[in-house]
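When a ligand or atom number is given, it counts from 1 through the structure's own listing order.
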Amino acid sequence: MANNDKGSTWWSEDTVAVVTGANKGIGLEMVRQFAQNGVTTILTARNEERGQSAVRLLKAEGLQNVDFHQLEVTDLKSVEDFAAWLKQRYGGLDILINNAGMHSLNYTDKKQGAKDVIDANYYGVKNVTKELLPVIRTGGRIVNVSSRLGQLQNLNSKELKETISSEEHLSENLIDSFVNEFLAAVNKGEISKQGWPTVDFAGNDPEATSDYCVSKIALNAYTKVLAFQLSGRLYINSFCPGYTQTDMTRGLGTKTVKEGADTGVWLALLPPSSHDLTSGKFFGERAQIPF
Ligand SMILES: NC(=O)c1ccc[n+]([C@@H]2O[C@H](COP(=O)([O-])OP(=O)(O)OC[C@H]3O[C@@H](n4cnc5c(N)ncnc54)[C@H](OP(=O)(O)O)[C@@H]3O)[C@@H](O)[C@H]2O)c1
């Protein structure tokens with residue numbers, strides 16, 4: 001990695017990175033890349049067995065600087081337990097990668113699917129971030145794994161677009177209301193009628209990806225709000241890995257996990273002197289892209 005060129009590294013073995021949803025896919029690959037760069041990395045997973053098995057895999061590759069803790073991002077008790085463990089064992093962290101995520105394409109109950117997707121992809125990120133914020137060291141990085149499906153252009157309603165892109169009024173409360181409005185539309189069967197995203201993605205019913213799009217729109221908006229709140233203390237950005245070969249895409253992506261993880265790891269390890277180091281922005285392929 002470019003960051004690892006002699007003289008441009010700012011981290012050491014005392015630098016601690018946490019990756020959520022890291023037992024497989026892009027999260028697992030991000031853990032691998034951080035550990036290969038010499039960062040002490042905590043692989044977290046909601047399922048203890050799947051997480052431990054992923055850690056064994058990385059240790060067998062020679063990466064001894066990987067630790068494990070259980071973390072279900074939608075379970076506040078699990079999030080609190082993890083934060084307490086991390087604080088006690090490492091004193092804090094420097095890099096948080098909010099990677100855990102899901103879609104609802106395999107749900108037959110679409111209302112439940114939408115609720116679960118918003119819970120994991122939006123509220124899950126908030127749960128973990130809020131709990132860990134007090135122990136993220138100054139100058140630290142938060143990277144949210146988002147998606148181009150969460151770009152504002154996917155909203156079909158001008159009003160909805162204006163609501164969620166308003167620099168002046170954007171707040172956590174506004175984003176919470178936005179996702180609640182979406183869930184109400186799902187319950188009323190009015191996704192298309194109200195102008196929520198209907199993206200024709202990989203041959204699925206366009207309404208089927210609506211919840212995923214909204215969860216990532218909300219995540220990008222939250223990234224902006226948080227960047228504003230934490231300005232001068234932490235750097236927080238989101239990125240799209242691109243269409244990546246993981247279980248989420250049933251292996252159909254055009255990118256390998258190595259390529260999918262690249263921009264997130266790059267963002268997290270940018271040297272403090274880099275002119276690319278910014279906050280509240282959305283990235284793809286190591287470059288800023290529109291929200
Ligand atoms: N693959 C793509 O093309 C693509 C494109 C754009 C964005 N993304 C984003 O990239 C991230 C990683 O996706 P991926 O492609 O690597 O998918 P993946 O292989 O399905 O991995 C998702 C990971 O998230 C975990 N997870 C899901 N819900 C969780 C929860 N509530 N608490 C804790 N962990 C949870 C999963 O755990 P289990 O194994 O226990 O289910 C798994 O480890 C997601 O945020 C996704 O939206 C992916």
Side-chain angles (χ1 to χ4, degrees), residues 18-33 42-55 57-58 68-82 96-107 112-113 115-129 131-132 142-151 154 199 201-202 204 209 211-220 222-223 238-265 267 282-285 289:
V18 168
V19 185
T20 69
N23 51 290
K24 64 180 183 180
I26 295 163
L28 172 60
E29 177 59 25
M30 290 182 87
V31 172
R32 178 181 281 117
Q33 293 188 17
I42 322 298
L43 184 156
T44 71
R46 57 180 162 182
N47 179 284
E48 176 99 26
E49 221 170 276
R50 288 198 286 272
Q52 293 284 13
S53 154
V55 170
L57 176 80
L58 296 178
F68 172 76
H69 200 277
Q70 192 274 345
L71 179 60
E72 159 61 63
V73 301
T74 63
D75 176 355
L76 289 179
K77 171 80 170 56
S78 168
V79 175
E80 281 164 17
D81 287 352
F82 170 64
L96 169 62
I97 308 292
N98 286 308
N99 165 76
M102 61 173 288
H103 61 56
S104 66
L105 295 178
N106 46 355
Y107 276 64
Q112 188 61 46
K115 187 182 173 304
D116 288 355
V117 166
I118 299 290
D119 273 352
N121 298 4
Y122 172 57
Y123 288 112
V125 172
K126 289 211 325 176
N127 294 339
V128 174
T129 305
E131 196 62 36
L132 293 184
I142 301 176
V143 177
N144 293 329
V145 186
S146 188
S147 167
R148 285 180 175 85
L149 289 175
Q151 282 179 307
N154 293 320
V199 178
F201 182 73
N204 291 289
T209 45
D211 49 18
Y212 184 84
C213 295
V214 171
S215 72
K216 298 297 191 182
I217 290 172
L219 178 57
N220 284 347
Y222 179 59
T223 303
S238 56
F239 84 102
C240 175
Y243 190 33
T244 306
Q245 293 147 11
T246 64
D247 285 354
M248 182 172 275
T249 58
R250 283 179 265 119
L252 290 177
T254 51
K255 288 189 173 201
T256 62
V257 281
K258 194 171 173 197
E259 292 163 338
D262 174 75
T263 294
V265 175
L267 267 175
F282 186 33
F283 285 81
E285 286 82 35
I289 54 175

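Judged as a salt bridge (charged side-chain N to carboxylate O under 4.0 Å, His left out), and not counting sequence neighbours, the contacts of Asp119 are Lys115.
Under the 3.5 Å distance criterion, the side-chain polar atoms of Asn98 are left unmatched by any main-chain donor or acceptor of Thr20. At distances below 3.5 Å, not a single donor-acceptor pair connects side-chain atoms of Ser104 with backbone N or O atoms of Val117.
In this pair, Tyr222 and Tyr122 present their aromatic rings perpendicular. The plane angle is above 60°, beyond the 30 to 60° band.
Side-chain contact annotation: Glu131 with Asn127, donor-acceptor N/O pair under 3.5 Å absent.
Within 4.0 Å of ligand 1, protein heavy atoms come from Gly21, Asn23, Lys24, Gly25, Ile26, Arg46, Arg50, Leu71, Glu72, Val73, Thr74, Asn99, Ala100, Gly101, Val145, Ser146, Ser147, Tyr212, Lys216, Pro241, Gly242, Tyr243, Thr244, Thr246, Asp247, Met248, Thr249.
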Item checked: Derivation and outcome, salt bridge (Lys or Arg N to Asp or Glu O under 4.0 Å), residues Glu80 and Lys77 -> CA-CA 5 Å; Glu80 281 164 17; Lys77 171 80 170 56; over 6 Å; no
